[in-house]
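Down below is the structure, laid out as structure tokens.
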Amino acid sequence: MPQEKRARTDAGGEDPPWSSWAGLQPDALGIVLSFLPCPADRARVRSVCRQWRAAARGRGVAPPLPLLVLPRFRFAGLTPGGVLAPARRAWMPPELDADNACCVGSYDAWLVGAGQAGGECFLVHAFSHEVRRLPPLGTSDCSLRKAALSASPESGPNCIVAAFIIRWSKPELALWRSGMKSWRVCHHALLAGHIDIAFYQGKLYVLWRFTPCLFAFEISEDERGVTISRMKDCMIEKLLPSTLGLYHELSCNMVEWSGRLLLIIRYYAVYQARNRVKVKVFAMDLSTNPVGLTEIRSFGSDCIFVGLGGSKSFPAGQHDGVEGDLIYFGPDHYNPHDTFVYSMRDGRTGPIVQPLPCSTSASERNLGFPVWLFPSE
């Protein structure tokens, strides 16, 4: 939306006295919103008047369907039918060099952006366009690959940003919290080149993506800010089958669902071709050592969205006509045009959209991978 038009929409003046629509009861409007799960439609509802904007943010209103953020900050919305709509370029604040930055993570409607090697790092709200600067990485030999947030940036000091960086060709973990002037870089021999990271119950978990090894990092604080104080090997690989049989390649991710941290494993006969895929999901009991694993065979009416920039569960059953018990897999580094949906009910796979609305140019491939975005209103 152009800046001048957005300014008029967000103006704080009173609604016209002839606006009878402003008197629509919030409960009735909530029913209407249940049939409008797409963020673009929700935005149009909020722009009608102040009363509708307040009602759209009220309790009991189901969150809109997720978006996929593509390179150069283009948004592709998921439709109720389970496919991605054509991507549209999102307006970004002019002080951000969005054309040369990649999105490396998200939390609710917040995006984590990172410039090219040694460039600026920032948090930006995808809809209010509020910008919060992160410390620069400081060297042209360092690049931010992915980031996870412990809480919304609006929560102040409760928000810790954990970033997976490559510096001098070596993988490292960097931490930052509001008030810190620079990143706190942590070195550890167990940090691999391809990992998934997630906060869960006050700890930071690091998962090797191509070998199911999980490590728990405890976070403490000293005079310089937050840091890693202790590491624990959860030894989940000892509990999984030692042979994959036909499925001889795998890819691992983590996601929180119903208060539990899940391990999601994709097994492939041929990784690059993505054929004969098999998916296993386990709930991890992190109170034992090694951790306990319980296979999960259904999410009920919920869906899971998996991506390199973060994974999350979504209450699909709150929207009429939106199918649940599905896992949406976003594209990864090796094949940026590969994405599919997996049914927990029958094990079938299908495309979210084909082809994925993402340019094949080398310049855009260098701007990172698509990231799922989960707006709350």
Side-chain angles (χ1 to χ4, degrees), residues 71 101-107 112-123 134-150 160-177 180 182-200 203-220 224-237 249-255 261 263-266 271 306-311 330-336 365-371:
C102 57
C103 183
V104 295
S106 71
Y107 191 100
V112 185
Q116 299 298 308
E120 65 175 356
C121 303
F122 56 87
L123 300 169
L134 298 173
L137 297 173
T139 171
S140 60
D141 296 323
C142 185
S143 60
L144 198 162
R145 299 298 179 87
K146 69 174 62 180
L149 279 64
S150 62
I160 299 175
V161 181
F164 175 61
I165 65 176
I166 299 294
R167 185 168 63 164
W168 301 314
S169 302
K170 295 181 180 179
E172 296 177 334
L173 195 64
L175 299 177
W176 178 86
R177 189 171 69 181
M180 295 174 59
S182 62
W183 293 93
R184 190 72 175 271
V185 179
C186 307
H187 312 272
H188 204 289
L190 294 176
L191 292 176
H194 299 281
I195 63 173
D196 195 13
I197 55 178
F199 284 97
Y200 178 70
K203 295 181 181 180
L204 179 66
Y205 288 87
V206 173
L207 174 70
W208 288 5
R209 289 207 55 229
F210 304 129
T211 303
C213 297
L214 179 69
F215 308 97
F217 291 83
E218 293 187 4
I219 298 176
S220 62
R224 295 173 54 195
V226 291
T227 186
I228 298 296
S229 61
R230 185 184 175 193
M231 188 280 295
K232 174 185 175 182
D233 185 351
C234 299
M235 296 187 292
I236 60 174
E237 72 277 9
E249 299 286 351
L250 58 82
S251 179
C252 307
N253 293 92
M254 295 178 291
V255 63
L261 188 63
L263 170 66
I264 299 179
I265 305 179
R266 284 168 280 174
Y271 185 78
V306 175
L308 289 184
S311 305
D332 61 25
H333 288 296
Y334 288 96
N335 192 347
R365 287 200 299 270
N366 292 333
L367 290 177
F369 46 84
V371 170

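It should be emphasised that the depicted structure is a prediction, and the values quoted were computed from it without experimental measurement.
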| remark: Here the gap from Ile160 atom CD1 to Leu204 atom CG, rounded to the nearest 0.5 Å, amounts to 9.0 Å
| request: Find out whether Leu173 and His187 are in side-chain contact, i.e. whether some heavy atom of one side chain is under 4.5 Å from a heavy atom of the other. | output: no
| query | How far apart are the closest heavy atoms of Arg209 and Ile195, and which atoms are they? | reply | CG-C, 3.6 Å
| Hey, does Leu144 have a side-chain heavy atom less than 4.5 Å from the side chain of Cys121? | yes
| query | Could you state the interatomic distance from OG (Ser311) to CG (Asp196), rounded to the nearest 0.5 Å? | reply | 5.5 Å
| said: side-chain contact (heavy atoms from CB on, under 4.5 Å), that's the test. Do Tyr205 and Met254 meet it? Break it down for me. | reply: CA-CA 9 Å; Tyr205 288 87; Met254 295 178 291; 3.9 Å; yes
| Which heavy atom of Gly309 sits nearest a heavy atom of Val371, and at what distance? | CA-CG2, 4.0 Å
| request: Output the distance between atom CD (Glu218) and atom NZ (Lys232), rounded to the nearest 0.5 Å. | output: 8.5 Å
| query | Are any of the side-chain heavy atoms of Ile236 and Leu207 separated by less than 4.5 Å? | reply | yes
| query | If you take all heavy atoms of Pro135 and Met180, which pair is closest and at what distance? | reply | CG-O, 4.1 Å
| remark: Between Ser251 and Phe210, the two heavy atoms sitting closest are OG-CE2, 4.1 Å
| query | Just wondering, do Leu134 and Leu123 contact through their side chains at under 4.5 Å, heavy atoms? | reply | yes
| task | Find the distance between SG (Cys252) and CD1 (Ile264) and round it off to the nearest 0.5 Å. | result | 10.5 Å
| said: Quick one, Arg145 and Ile166 - any side-chain contact, counting heavy atoms below 4.5 Å? | reply: yes
| Between Tyr200 and Leu261, is any pair of side-chain heavy atoms under 4.5 Å apart? | yes
| message | Atom NZ of residue position Lys170 - does it have more than 12 heavy atoms of other residues, nucleotides or ligands inside 6.0 Å? | response | no
| note | Rounding to 0.5 Å, atoms CZ (Arg184) and CH2 (Trp176) come to a distance of 15.0 Å
| task | Please examine the side chains of Lys146 and Ile197, heavy atoms only from C-beta on, and report whether any two atoms are closer than 4.5 Å. | result | yes
| query | Considering all heavy atoms of both residues, which atom of Cys186 and which atom of Ile228 are nearest to each other, and what is their separation? | reply | SG-CG1, 3.5 Å
| task | Measure the CZ-SG distance between Phe369 and Cys103 for me, rounded to the nearest 0.5 Å. | result | 8.0 Å
| note | On a heavy-atom basis, the closest approach of Phe199 and Ala148 is CE1-O, 3.4 Å
| query | Are any non-hydrogen side-chain atoms of Phe215 and Cys234 less than 4.5 angstrom apart? | reply | no
